[in-house]
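Working notes, structure below.
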Amino acid sequence: MATADELHVGKHFPNRPQFSGFMKPCRFEAEVQNLEVYGEIPQDIDGTFYRVMPDPQLPPFFENDPWFNGDGNISAFRIKNGSVSFQQRYVQTEKFTREREAQRSLIGVLQKTTLFGKYRNKFTDAVEFKVRSTANTNVVYFNGQLLALKEDSPPYALDPQTLETKGLHTFDGQLPSLTFTAHPKFDPDTGEMICFGYEAKGDGTPDVCYYTVSPKGEFTQVVWLVAPVVAMIHDFAVTENWVLFPLIPQLCDIERMKKGGEHWEWSPSTPFYIGVIPRYGAKASDVKWFSYQNSFPGHTANAYENADGQITFDLGLSNTNVFYWWPDSEGNAPEPSQIHSQLTRFVFDPKSNDLNLLRPQVLQNGNTEFYRIDDRFATKPHKHCFFDLMDPTLGTDFQAIGPVMGGGYPPYNALAHYDISTDETAVYFPGKQHFVQEPVFIPRAGSTEEGDGYVMALVNNYATLFSELHLLDARDFGKALAVILLPLRLRPGLHGNWVDSRDMEGC
């Protein structure tokens, strides 16, 4: 017979940092019209900011479950005529619907099993899933569909207006791989979507599948590659003629997973690889795996080709394991406060036979991440970059925030605008008890100048334990144009994107 402790497993969230304070799961679907606005929202802003957060609807069985193993919960902030409305709905994945029907994640108390087990480890599940996605990492708009993404599975399609889940999206059966990137790229001139999947033939496989999709949703090319190691490839980059795949030295071992271990384990002996193939007409034998010393590549900002044919590639880079919750085989992991990621630039010849990358240039010395550019200049030379910054000297009241912060990815207390051409950084500090999430860039209506527009980000207010949207003018970055208050707390999310209303006409 089950003990009292066993009967209560899965009935409340664990007393862990990733489930407490501001990180306490929100677990609601809601709609709020006419959010409070302090300041003025320019009339030319007309569109929707979509974002997604991992938000478990039910307590996990595994007490130390990673915070981003939660169910995908989509937020939509619709802005028009200076007003903002808010809408939020869960993605109705197979996991979500089956667990909601069971009304708990625990289905076999005596066996201590769950419907859905450890992060990306199907061997810890109590039942078999056709698709194991939580759809919680990114949300993009393409060809009339809102796509909720997680890199271990195909996308889920949602209605852009109602956020109603339509179902798994395989592009009418064209999707060649079992997986789909959480960071597809979009060519601003052609409207083409450039994508890939890693572990593309299943868990523990070294296969990478690269593919391109026309604006009408037709697959135009498919190329299968084999990576030198089975590593995480969270983000990638595209130039006019090349595609770059940065491999994070978090490695998968299928035998470790079968024993109930983690999908990922940091490998301090594995170099940082960048796989490079031609963007068009490539075949498997064309790939080159350039390498640099063991490092953790973060999110990419952009890549482009120089006049001499060399590639410039800007991304975040850390010399230590940013995903500290997945340590190395000896259990070693950095203290979160010691993790330092910097905006870094590699310049190399994609046609070179020397596959050893030279030491990159650090563009901006701050501890930064979540890099965004003016997407109209993707694949082209850029000079403006917007990102999250952690600067302890700005005056954040860490003592007050500490008890209610909870645990997640390393926190950031400011937004930054870096002008590469002048090497100048403008900083927006939202307040002593605030942390920021990923920014998005909104072009100014009628302007074609790079970086001319607005920056928006969700902000955690730890004094009120509510969330806020802060809107900045990129030309006057030090102060907010508007602060939009939410009557609720949104768990820190991963990624989101701005979609102009004109791009959704007819939906």
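Worth saying up front: this structure is predicted, and the values here are computed from it rather than measured.
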Just by distance, no angles: are the side chains of H382 and D314 close enough, under 3.5 Å, to form a donor-acceptor pair? yes
For A231 against L251, the heavy-atom pair lying closest together: CB-CD2, 3.7 Å
Would you indicate whether K122, at its atom NZ, is surrounded by more than 12 heavy atoms from other residues, nucleotides or ligands within a distance under 6.0 Å? no
What verdict does the salt bridge (charged side-chain N to carboxylate O under 4.0 Å, His left out) test give for R120 and E199, after you've listed the backbone C-alpha separation in whole Å, the side-chain angles of each residue and the deciding distance to 0.1 Å? CA-CA 12 Å; R120 290 185 69 169; E199 291 186 274; 3.1 Å; yes
Is there side-chain contact between V499 and P160, with heavy atoms separated by less than 4.5 Å? no
Check whether any side-chain heavy atom of K185 lies under 4.5 Å from a side-chain heavy atom of T379, and answer yes or no. no
Start with the C-alpha gap between K130 and E94, add the side-chain angles, then the distance that decides, and say whether salt bridge (charged side-chain N to carboxylate O under 4.0 Å, His left out) holds. CA-CA 8 Å; K130 293 180 181 178; E94 180 187 353; over 6 Å; no
Single hit among T179, L168, L149 for side chain to side chain contact (heavy atoms under 4.5 Å, CB included) with P154: L168
Looking just at side-chain N and O atoms, do Y141 and T48 make a donor-acceptor pair shorter than 3.5 Å? no
Give a yes-or-no answer on whether the side chains of T220 and S214 include a donor-acceptor pair shorter than 3.5 Å. no
Nearest-0.5 Å distance, NE2 of residue H234 to OG1 of residue T300: 9.0 Å
F19 versus D65: any side-chain heavy-atom pair under 4.5 Å? yes
4.5 Å side-chain heavy-atom contact, W326 and Y119: yes
Going by side chain to side chain contact (heavy atoms under 4.5 Å, CB included), F348 matches just one of D354, L358, V276. Which one? V276
Going by the side chain to side chain contact (heavy atoms under 4.5 Å, CB included) test, name the single residue among L389, L343, T368 that passes it with Y418. L343
Output, in order, the C-alpha distance, side-chain angles, deciding distance and verdict of salt bridge (charged side-chain N to carboxylate O under 4.0 Å, His left out) for R98 and E101. CA-CA 5 Å; R98 292 176 72 172; E101 182 179 353; over 6 Å; no
Just wondering, more than 12 heavy atoms not from K351 lying within 6.0 Å of its NZ? no
Specify whether F386 and F441 have parallel, tilted or perpendicular ring planes, treating 30° as the upper limit for parallel and 60° as the lower limit for perpendicular. parallel
Would you say L494 and P54 make side-chain contact, with heavy atoms under 4.5 Å? yes
Tightest non-hydrogen contact, residues F13 and P60, listed as CD2-CD, 3.8 Å
Report yes if some heavy atom in the side chain of L415 is under 4.5 Å from a heavy atom in the side chain of D388; otherwise report no. yes
Verify whether one side chain among N138 and N497 offers a donor that lies under 3.5 Å from an acceptor in the other. yes
Would you say the side-chain atoms of N73 and E29 include a donor-acceptor pair closer than 3.5 Å? no
Which atoms form the tightest heavy-atom contact between S341 and N367, and what is the distance? N-OD1, 3.1 Å
Candidates W224, F196, F180 - the one meeting side chain to side chain contact (heavy atoms under 4.5 Å, CB included) with C209: W224
Check: Y292 and F346 side chains under 4.5 Å, non-hydrogen atoms: yes
Ignoring hydrogens and angles, state whether a donor on the side chain of Y198 or E151 is under 3.5 Å from an acceptor on the partner side chain. yes
Show your reasoning for whether salt bridge (charged side-chain N to carboxylate O under 4.0 Å, His left out) applies to R279 and D187. CA-CA 12 Å; R279 180 171 162 184; D187 190 304; 2.7 Å; yes
So do D71 and R27 actually touch side chain to side chain, heavy atoms under 4.5 Å? no
Can you name the ring-ring contact (aromatic ring centres under 6.0 Å, His included) partners of F313, sequence neighbours left out? none
Show the nearest heavy-atom pair for residues F96 and T93, with the distance to one decimal. N-OG1, 3.0 Å
